[in-house]
Amino acid sequence: MGIIRKTKSVELLLDIFSQNSNALSVVNLVKKTKNQMNKTTVYRILERMESEGVVHSFNDINGNKWYAKCHSCSSDNHLDSHPHFQCKDCGAIECLSVEIAIPKVPNFQIDSAEIMLVGTCRNCSIV
Ligand SMILES: [Zn+2]
Ligand SMILES: [Zn+2]
């Protein structure tokens, strides 16, 4: 994982990501780690993990920031053009491993795209 020093705090966050296949909101991550580190440390580590290609971030429908594990990214090749799905019942977000073609628009250079699909997840659709 390159230049990230594996401090206790880094390891703790990596652990949390490896135990959760779904994305985690920053609010939730701060809550999970509040006995071990302060908010600022959590923010700083997450930013470093993102620039290393370990996690990626995006905003949910309410504008809150979330992070999810990357599967085949590195610091030089960070491409997360996959869509995310947020359940409107339970609020959970997961990465969808489907390719979405970003359209080429003449005269516009597109650097990134965030696609959030909203609906009901498999757990909530069981009545
Ligand atoms: Zn749900
Ligand atoms: Zn994702």
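First listed ligand is number 1; within each ligand, the first listed atom is number 1.
- Using cut-offs of 30° and 60° on the angle between ring planes, the pair His56 and Phe58 is tilted.
- The SG atom of Cys87, the Zn ion (ligand 1) and the SG atom of Cys121 define an angle of 110° (nearest 10 degrees).
- For Cys90 atom SG and Cys124 atom SG, the angle they make at the Zn ion (ligand 1) is roughly 110°, to 10 degrees.
- His84 contributes atom NE2 as its closest N/O/S atom to the Zn ion (ligand 2).
- Tracing side-chain contacts under 4.5 Å through hydrophobic residues (I, L, V, M, F, W, Y), one never reaches Val118 starting from Ile115; they form parts of separate clusters.
- Between Thr33 and Leu13 the shortest side-chain heavy-atom distance falls below 4.5 Å.
- The side-chain heavy atoms of Gln86 and Leu117, taken from C-beta on, include no pair separated by under 4.5 Å.
- The Zn ion (ligand 2) forms the vertex of an angle spanning NE2 of His82 and SG of Cys95; to the nearest 10 degrees it equals 110°.
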